[in-house]
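This report concerns only the one structure given below.
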Amino acid sequence: MIETINLTKIYKDGTVALDNISFSSNSRVLTLLGRNGAGKTTLTRILSTQLLPTRGEAYIEGYHIVKDANKVRKIITSIPQEAQPVGMASPYEHLIMFLTAKGNSLSEAERISRDVLKEVGLWESKDKPSDELSGGMKRKIFVAMALASNSEVVFLDEPTTGLDPYSRTEIWSILKTMKSKIVLTTHYMEEAEELSDDIILLHKGKIIAKGTIDSLLYKLKDKVRVEGVGDIKVGRLRISYVDKEDASKYLGKYVVKPITLEDLFILYTGESLEEN
Ligand SMILES: Nc1ncnc2c1ncn2[C@@H]1O[C@H](COP(=O)(O)OP(=O)(O)OP(=O)(O)O)[C@@H](O)[C@H]1O
């Protein structure tokens, strides 16, 4: 269970990055979805004991993130957004270093490394220096670490940002096989829809909506999105939400699309999710 109670983070310069965040989730994949600057990384860093909150409480599997920080650290693995492999070291060497640092014996580390490198599709490149690998392969080294950790909870901050669509779907399929609970941050709506059991929609440090995809989309369940007409303006685009049964009136003249999480975000904030 991951739980926060009135969690607030105000940075030294006065920026309110998290504003009274309260939620609890016991889902296998909990996704923090929001635009750049929404507070996703701040929340992830606090939950993974790398940053202290200004106020409020948070618990990971019953352990308090400040008072029981050492216990929390034993059951989590956190892969930050800016993680980069050491250029000269190979994927295999990264895995061995990671696993032995976590307390595995060398023979255990070798066995687990072999298994996970095969699983993530890095086996053929296991001995190459990392700086000779593609962006997607570099990112897979960290996904392999998360997989190898077997931690109760794994934090993955923007694991596919900047990757091509193929590498992104490869990483998604690996994440789907992981047994650990995952706290994922992303600004890709598609990624959230593909992977999440539970979603928290963050905007300017506040939770604007939370729940399963179905429960979040329930608000717009009998609607379609019509682009080119309507009162809602997103950038230069005019949008309206009309009943499905009236969609035929707009076909041919306007663009008619099914409802996605993006539409929920637009309704709550008046902004598009993926301006990044
Ligand atoms: N060390 C810091 N000092 C001051 N403000 C900060 C600091 N770190 C982050 N912020 C600010 O806090 C807010 C939330 O940032 P955060 O990085 O948590 O958002 P995010 O949703 O993870 O964005 P991104 O997707 O760009 O990483 C932003 O306004 C950001 O500029």
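Each ligand, and each atom within it, is numbered from 1 in the order the structure gives.
- Close to ligand 1: Gln81, with a non-hydrogen atom less than 4.0 angstrom away.
- Residue Ala17 approaches ligand 1 through these ligand atoms, each under 4.0 Å from one of its heavy atoms: 12 (O), 13 (C), 14 (C).
- Cation-pi check for Lys138 over Phe142 is not met; the charged atom does not lie both under 6.0 angstrom from the ring centroid and within 45 degrees of its normal.
- Transitive grouping of hydrophobic side chains (ILVMFWY, heavy atoms separated by less than 4.5 Å) brings Val116 and Phe98 into a common cluster.
- For ligand 1, the atoms closer than 4.0 angstrom to any heavy atom of Thr41 are 17 (O), 18 (O), 20 (P), 22 (O), 27 (O).
- Applying the salt bridge (charged side-chain N to carboxylate O under 4.0 Å, His left out) rule to pairs touching residues 41-54 yields nothing, sequence neighbours excluded.
- For the residues Gly205, Ala38, Gly37, Gly39, the heavy atom positioned nearest atom 13 (C) of ligand 1 is part of Gly37.
- No continuous path of hydrophobic side-chain contacts links Tyr218 to Ile213 [ILVMFWY only; heavy atoms under 4.5 Å].
- Every residue was checked against the ring pair (Phe, Tyr, Trp, His ring centres under 6.0 Å) condition with Tyr254, not counting sequence neighbours, and none meets it.
- The part of Asp13 lying near ligand 1 is the side chain, judged by heavy-atom distances below 4.0 Å.
- Under a 4.0 angstrom heavy-atom cut-off, Glu158 registers as being in contact with ligand 1.
- Close approach of ligand 1 to Thr15 is summarised as follows: ligand atoms under 4.0 Å from at least one heavy atom of the residue are 5 (N), 11 (C), 12 (O), 29 (O).
- Heavy atoms of other residues, nucleotides or ligands lying less than 6.0 angstrom from CG of Asp231 number 12 at most.
- Within the 4.0 Å heavy-atom shell around ligand 1 one finds Arg35.
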